[in-house]
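To start, the structure itself, in C-alpha cells.
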Amino acid sequence: RKVAIDASMCLYQFLIAVRSEGAQLTSVDGETTSHLMGTFYRTIRLVEQGIKPAYVFDGKPPDLKGGELAKRAERRDEAQKLLQAAEEADIVYLLGNAEDVEKFNRRLVKVTKTHAEEAKQLLQLMGIPFIDAPCEAEAQCAALVKAGKVYATATEDMDALTFGCNVLLRRLTFSEAKKMPIQEFHFDKVLEGLELNHNEFIDLCIMLGCDYTNSIKGVGPKRAIELIKTHRSLEKIIENLDTKKFPIPKDWNYKQARLLFQEPEIIDPETIDLKWTEPDEEGLVKYLCGDKQFNEERVRNGAKKLHKARNTSTQGRLDTFFKVLSSPNPLKRK
DNA sequence: AGTCTGGCTCAAGACGCG
DNA sequence: GTTTCTTGAGCCAGACT
DNA sequence: CGCGTCC
C-alpha cells in the first residue's frame, strides 16, 4: 500500500522529540542528526509493514498565511527571550531551571532547508521517493490520493481532508500503535456523517479557524456546524448573522481562503512517477556512518531490512490493525 | 443549572537489553 | 539574496442562555 | 513492559 507523508511535519517532530538529556542528537561537529535518525528508522518500520511511503516536502507558503506566520514568529521571539532568561538564571544558580531551558528550547525548533535537504539525501539512498510540493504539502498529498497515485495520506493534520484527501490515516507510527489504534478516515463518509458537501465543509473549516484567515469571535464548533447546516454557505451566513453578537473580522478574506482549499497550487499528479528502488547500503553507510557517526552495524541492518521487505511482497498484514472511522467526531478541530 | 468559546498549557521517536 | 515550513488535546475561567 | 541509549 502506497501512502503519502508530509515530510516537514515528521522532521519537526523528530527535531523536538529525538533528544538525549534535553539536547538533540548530533555528530561530532555539532550538526543535528535527530531528523535523520527518526526518518531512517520510522521509514524502515513502515516498509517492513508492507507500506510504501512517499514523502512530500513543503514549498513556499501562500501569501495569505503571512499573518499566521507572523504570529508564530512573535511567539518564537518570546520563547527566545524566556530561554535567555532561564539560561541566565541557570548560570546564576547552576541548577533548577534546566527543564525550563529544555522547554523553551523545544519551542524554538524549526525545520530548515538543510534539514530537508539532508532528509532527501537519506531517502534517496534508501530508495524511497519524495516530491517537492510547490506550496502546501498537505494539498499535494491530497492530490496524489485523488489521482490514485497513493492509497492515503498519513498525517495528524486534518487539513488534508479540507483539501479533499479521500483517505486519511492517523497514528500510522507503530510504536505508539500499542497504545493507540490506527485511524482511517474516509472523506466521503465524513461528509455523509455531517450531511455536507465538499464546499460546505471547506466553509465550515474556515469558520473553525484555518491558517489563512481569522475566525468569527463567538463562533466555535457547535455554532459553526449549526450555521453551515442552515445556510449552506459563508455568503448566506454573513447575510443572516447577527453581526452585533458575532462581528465579522475586519478584512475577512474568506473567499481567497476558500480558493486556496478548492484550487491549491500543486503539481499535476499525472506527471509524478513514484518509484521505490533498492536501498544503497554502501551509500547509506558512507553517509550516515561517515559524517553523521551512526552505528555501522545498525545502518547495515536497516539497509538489509529494506532490501528484504522490498523483495517479499507481504501486504495485507496491516489491514487487521485498521479501524475504519467515518463520522465520530471531526469537530475536534481547534 | 448547563452550554459554549477562548485562552492557556503541554507534548510530540525509536531501538534493544534485561 | 534575505526570511521559509507542523499540530492536537486537555483544562479552566468566564460569558451567555 | 521499563528504561537507558541512540549521535
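All values below come from the heavy atoms of this structure, side chains included, with hydrogens, waters and symmetry mates left out. Below, chains carry the letters A, B, ... as their sequence lines are ordered, and counting in each starts from 1.
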Write down the distance separating the [atom1] atoms in [N] and [M], rounded off to the nearest Å.
{"N": "B/dC10", "M": "D/dT5", "atom1": "C1'", "answer": "25 Å"}
{"N": "B/dG13", "M": "C/dA9", "atom1": "P", "answer": "14 Å"}
{"N": "B/dC8", "M": "D/dC7", "atom1": "P", "answer": "41 Å"}
{"N": "B/dG16", "M": "C/dT4", "atom1": "C1'", "answer": "38 Å"}
{"N": "B/dT9", "M": "D/dC6", "atom1": "C1'", "answer": "30 Å"}

Where the side chain of [X] is defined as all heavy atoms beyond and including C-beta, which of [options] is the nearest nucleotide?
{"X": "A/K222", "options": "B/dG6, B/dC4, B/dA12", "value": "B/dC4"}
{"X": "A/K217", "options": "B/dA12, B/dT5, B/dG7", "value": "B/dG7"}
{"X": "A/T173", "options": "B/dC4, B/dA12, B/dA14", "value": "B/dA14"}
{"X": "A/R170", "options": "B/dA12, C/dC5, C/dG8", "value": "C/dG8"}
{"X": "A/D211", "options": "C/dT7, B/dA12, B/dC4", "value": "C/dT7"}
{"X": "A/Q13", "options": "B/dA12, C/dT7, C/dT17", "value": "B/dA12"}

For A/E278, all residues meeting side-chain hydrogen bond (donor to acceptor under 3.5 Å, both in side chains), sequence neighbours excluded:
A/H307, A/R310
Check nucleotides 5-7 of chain D for protein N or O atoms closer than 3.5 Å to its own N or O atoms and list the pairs.
{"unit_1": "D/dC6", "atom_1": "N4", "unit_2": "A/R19", "atom_2": "O", "d": "2.9"}
{"unit_1": "D/dC7", "atom_1": "OP1", "unit_2": "A/N295", "atom_2": "N", "d": "2.7"}
{"unit_1": "D/dC7", "atom_1": "O3'", "unit_2": "A/T33", "atom_2": "OG1", "d": "3.2"}
{"unit_1": "D/dC7", "atom_1": "O3'", "unit_2": "A/K292", "atom_2": "O", "d": "2.4"}
{"unit_1": "D/dC7", "atom_1": "O2", "unit_2": "A/T26", "atom_2": "N", "d": "2.9"}
{"unit_1": "D/dC7", "atom_1": "O2", "unit_2": "A/T26", "atom_2": "O", "d": "3.3"}

May I have the distance from [X] (atom [atom1]) to [N] (atom [atom2]), rounded to whole angstrom?
{"X": "A/F14", "N": "B/dA11", "atom1": "CZ", "atom2": "P", "value": "20 Å"}
{"X": "A/M207", "N": "B/dT5", "atom1": "CE", "atom2": "C1'", "value": "15 Å"}
{"X": "A/L15", "N": "C/dT7", "atom1": "CG", "atom2": "P", "value": "16 Å"}
{"X": "A/I16", "N": "B/dC10", "atom1": "CD1", "atom2": "C1'", "value": "11 Å"}
{"X": "A/I225", "N": "B/dC4", "atom1": "CD1", "atom2": "P", "value": "12 Å"}
{"X": "A/L172", "N": "B/dA14", "atom1": "CG", "atom2": "P", "value": "10 Å"}
{"X": "A/L36", "N": "B/dA14", "atom1": "CG", "atom2": "C1'", "value": "14 Å"}
{"X": "A/D157", "N": "B/dA12", "atom1": "CG", "atom2": "P", "value": "19 Å"}

Taking salt bridge (charged side-chain N to carboxylate O under 4.0 Å, His left out) as the cut-off, I'd like each qualifying pair that reaches into residues 136-146 of chain A, sequence neighbours left out, listed once.
A/K65-A/E136
For A/E48 and A/A309 the tightest heavy-atom approach is CA-CB, 4.0 Å
Applying a 4.0 Å non-hydrogen cut-off, can you work out what A/V219 is touching in the nucleic acid: base, sugar-phosphate, or nothing?
sugar-phosphate
Name the nucleic acid region contacted by A/G38, choosing base, sugar-phosphate or nothing; use a 4.0 angstrom heavy-atom cut-off, strictly under.
nothing
How are the rings of A/F57 and A/F130 set to each other: parallel, tilted or perpendicular (split at 30° and 60°)?
perpendicular
Tell me whether the rings of A/F163 and A/F261 are parallel (<30°), tilted (30 to 60°) or perpendicular (>60°).
tilted
Are the charged groups of [X] and [Y] less than 4.0 angstrom apart, N to O?
{"X": "A/D280", "Y": "A/K286", "result": "no"}
{"X": "A/K189", "Y": "A/E192", "result": "no"}
{"X": "A/K222", "Y": "A/E226", "result": "no"}

Assess the residue pair A/R171 and A/E156 against the criterion (side-chain contact (heavy atoms from CB on, under 4.5 Å)); give the C-alpha distance rounded to whole Å, side-chain angles, the decisive distance to 0.1 Å, and a yes or no.
CA-CA 7 Å; A/R171 309 201 187 105; A/E156 307 307 306; 4.1 Å; yes
Between the side chain of A/D203 and the main-chain N/O of A/L234, is any donor-acceptor distance below 3.5 Å?
yes
Phosphate contact (B/dG13 OP1 or OP2) by A/R42 side-chain N/O below 4.0 Å:
no
Looking only at side-chain N and O atoms, does A/R107 come under 4.0 Å of OP1 or OP2 in B/dA11?
no
Listed partners of A/E31 passing salt bridge (charged side-chain N to carboxylate O under 4.0 Å, His left out), at least two apart
none
Of A/H115, A/Q13, A/E118, the one forming a side-chain hydrogen bond (donor to acceptor under 3.5 Å, both in side chains) with A/H35 is A/E118
Starting at the 5' end of DNA chain C, what dot-bracket string do you get if Watson-Crick and G-U pairs under 3.5 Å are bracketed, crossing pairs use [ ], other-strand pairs use | and unpaired bases use dots?
......|||||||||||
Scan residues 110-132 of chain A against DNA chain C and write down, sorted by residue number, each residue with any heavy atom closer than 4.0 Å; if none is found, say none.
A/K110, A/V111, A/T112, A/K113
Looking at A/E200, A/E235, A/E263, which one forms a salt bridge (Lys or Arg N to Asp or Glu O under 4.0 Å) with A/R258?
A/E235
